[in-house]
There are 2 protein chains.
Amino acid sequence: MPSQYGQFCPVAKAMELLDERWTLLVVRELMLGSRHFNALRRGLPRMSPALLSKRLHTLVRAGVVERWEDGNRVTYRLTESGRELEPIVDALGRWGIRWIPELGDADLDPHLLLWDIHRNVDTEAVPDGRTVIVFSFPERATARRWWLVIAADGVDVCDVDPGFPVRVTVQADLRTLTRVWRGDLAWSEALGSGAVLLRGEPQACRALPRWLRLSSVALTPRPGGSPQPVAAR
Amino acid sequence: MPSQYGQFCPVAKAMELLDERWTLLVVRELMLGSRHFNALRRGLPRMSPALLSKRLHTLVRAGVVERWEDGNRVTYRLTESGRELEPIVDALGRWGIRWIPELGDADLDPHLLLWDIHRNVDTEAVPDGRTVIVFSFPERATARRWWLVIAADGVDVCDVDPGFPVRVTVQADLRTLTRVWRGDLAWSEALGSGAVLLRGEPQACRALPRWLRLSSVALTPRPGGSPQPVAAR
DNA sequence: CAGTATCCAGTTGGATACTG
DNA sequence: CAGTATCCAACTGGATACTG
């Protein structure tokens with residue numbers, strides 16, 4: 001039961017639902033294509049399953065999400081009402097990247113970063129056959145190496161070596177690579193300063209920034225005319 | 001201290017601030033022109049002063065609001081960052097009016113309604129001199145009559161008779177008048193059905209819907225092609 | 001006018017374990 | 001796979017009173 005503002009104002013009525021913690025992030029995950037309970041959990045690792053379940057029920061009751069059972073498989077998807085939240089979520093992302101640029105250490109998460117990157121690989125740009133990219137975060141005590149396996153049938157993330165030959169190794173600290181992903185730091189600058197190191201065939205290293213698309217808000221203009229990261233050529 | 005999502009996603013970073021209860025309603029009040037603590041309180045009657053104070057401080061720390069002391073008067077206003085939330089708040093209002101049309105009894109509040117109406121009087125359309133409109137909510141046990149005093153120097157709301165001659169009396173139940181204000185119900189329909197009764201000179205009664213502007217979201221198209229309330233001619 | 005101080009009941013949600 | 005169940009510590013915010 002979302003708490004009530006006691007106002008007939010439509011902004012207040014909208015926020016009674018949407019300002020509950022996690023709610024709009026669940027909606028964001030659904031917008032990004034997650035359809036099943038455990039897929040949603042992967043994008044929301046700090047959310048307990050009990051709470052995710054509760055939020056989904058609230059969203060279903062509010063008509064924002066529909067729950068579909070086929071057999072023993074459950075599918076969630078946005079209704080028309082939920083899809084109309086997309087411009088709002090997008091605008092919140094653009095506002096956030098402009099006005100809340102600082103990240104705390106607690107905001108960094110290699111699993112989430114790899115998960116985002118894997119969702120945005122430009123498979124057209126990657127050579128045919130299997131391409132494996134290793135991400136190495138040497139400053140970390142655990143979860144220091146991640147493998148991105150790009151093949152014809154999709155893209156996978158692993159935190160254990162799948163054993164295939166590696167085409168490129170990307171070495172950086174997690175904060176730097178996160179900033180590149182968000183568009184806070186341009187590839188060119190990160191590579192030029194040595195903050196990101198690429199190892200592998202020179203041609204593959206040169207091509208890598210085109211294989212990995214950045215966050216959808218990466219190109220949002222920043223306030224104060226700070227130099228704008230440029231997209232990969 | 002807003003709680004943390006542990007995500008670098010800019011939507012998550014934005015919501016860490018903005019999904020705290022009341023926060024976006026404070027921002028909305030500032031957008032509507034409130035500048036002082038007690039002015040904000042008038043638009044947020046169910047919010048305790050301690051909580052309003054806390055939210056304002058959080059917004060100032062986040063760079064969304066600036067606090068200005070001149071003498072012993074304190075002024076709050078939105079920064080550039082805060083002003084950039086306006087399209088988001090507007091979009092939330094349009095989404096809310098489309099997808100959360102039902103109002104509970106707890107959402108109805110004559111003081112808030114009169115306060116909204118008073119902020120939106122079209123003083124150009126009202127005859128010169130003083131015009132007093134009485135709003136009568138006969139079904140209510142308390143706060144049954146409200147006076148709107150429109151003069152050259154501004155518009156006032158009273159819940160006690162200011163003693164001036166009354167030009168028009170608007171009688172309706174609170175829910176009906178709230179629905180008219182929100183654009184859920186057209187003036188023409190409300191008057192035609194007798195749900196709203198106007199008393200006074202016929203000419204003034206005919207003109208009244210043009211004196212009172214409706215909510216800024218009143219003309220938002222509704223889903224499902226339900227008949228759209230029309231603006232006052 | 002513009003808040004602060006205090007108290008405390010109620011709610012929230014994290015952790016963990018478990019189920020059909 | 002898709003959740004429930006349970007427990008409980010922490011937080012939240014409402015009420016009320018008070019201050020410079």
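This is a predicted model, so every value here is computed, not measured. Below, read A as the first sequence line, B as the second, and so on, with proteins coming before strands; counting in each chain starts at 1.
Judged by the 6.0 Å and 45° rule, A:Arg46 forms no cation-pi pair with B:Tyr5.
At the phosphate of C:dC1, neither OP1 nor OP2 sits under 4.0 Å from any side-chain N or O atom of B:Asn72. In terms of phosphate contacts, B:His57 brings no side-chain nitrogen or oxygen within less than 4.0 Å of OP1 or OP2 of C:dA2. One finds no side-chain N or O of A:Tyr76 lying less than 4.0 angstrom from the OP1 or OP2 phosphate oxygen of D:dC1. Here B:Arg42 does not reach the OP1 or OP2 of C:dA2: none of its side-chain N or O atoms lies under 4.0 Å away. For D:dT4, one of the phosphate oxygens OP1 or OP2 lies less than 4.0 angstrom from a side-chain nitrogen or oxygen of A:Ser53. The side chain of B:Tyr5 places no N or O atom within less than 4.0 Å of a non-bridging phosphate oxygen (OP1 or OP2) of C:dG13. Put simply, B:Arg67 has a side-chain N or O that comes within less than 4.0 Å of OP1 or OP2 on C:dG3.
The CZ atom of A:Phe37 sits 7 Å away from the P atom of D:dT4 (whole-angstrom rounding). Straight-line distance from the CD atom of A:Glu69 to the P atom of D:dC1: 16 Å, rounded to whole Å. Across the protein-nucleic acid pair, B:Leu52 atom CG and D:dG13 atom P stand 13 Å apart, rounded to whole Å. When rounded to the nearest whole Å, the span between CG of A:Leu59 and P of D:dG3 equals 13 Å. If you measure from atom NZ of B:Lys54 to atom P of C:dA5, you get 14 Å, rounded to the nearest angstrom. A straight line from CG of B:Leu40 to P of C:dC1 spans 13 Å, rounded to a whole angstrom. We find that CD of A:Gln4 is positioned 16 Å from C1' of C:dG10, with the value rounded to whole Å. Rounded to an integer number of Å, the gap from B:Leu44 CG to D:dG13 C1' is 15 Å.
No engagement by A:Arg41 is indicated, since no non-hydrogen atom pair under 4.0 Å with the nucleic acid exists.
Considering only side-chain atoms of B:Arg73, the nucleotide from D:dG3, D:dT12, C:dC1 that sits closest is C:dC1. Among the nucleotides C:dT12, D:dT4, C:dA2, the one closest to any side-chain atom of B:His36 is C:dA2.
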Exercise for review: Test side-chain hydrogen bond (donor to acceptor under 3.5 Å, both in side chains) on B:Arg94 and B:Thr220 and set out the steps.
Suggested key: CA-CA 6 Å; B:Arg94 290 191 302 273; B:Thr220 302; 5.5 Å; no

Exercise for review: Walk me through it: do B:Arg182 and B:Ser215 pass the test side-chain hydrogen bond (donor to acceptor under 3.5 Å, both in side chains)?
Suggested key: CA-CA 5 Å; B:Arg182 292 181 19 123; B:Ser215 159; over 6 Å; no

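Of the candidates A:Leu18, A:Leu78, A:Leu30, A:Leu85 forms a side-chain contact (heavy atoms from CB on, under 4.5 Å) with just one, namely A:Leu18.
With no hydrogens or angles considered, a side-chain donor-acceptor pair links B:Gln7 and A:Arg28 at under 3.5 Å.
The partner of C:dT12 is D:dA9, by the rule that a Watson-Crick or G-U pair needs both atom distances under 3.5 Å. With both pairing distances under 3.5 Å, C:dA2 is matched to D:dT19 as a Watson-Crick or G-U wobble pair.
In this structure, A:Trp115 and A:Arg42 have side chains that are in contact, with non-hydrogen atoms separated by less than 4.5 Å. The side-chain heavy atoms of A:Thr75 and A:His36, taken from C-beta on, include a pair separated by under 4.5 Å.
Here the CG atom belonging to A:Asp156 is positioned 8.5 Å from the CG atom belonging to A:Leu148, to the nearest 0.5 angstrom.
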Restricting both atoms to N or O, compile the protein contacts to nucleotides 14-16 of chain C shorter than 3.5 Å, with distance only.
unit_1: C:dG14; atom_1: OP1; unit_2: A:Arg21; atom_2: NH2; d: 3.4

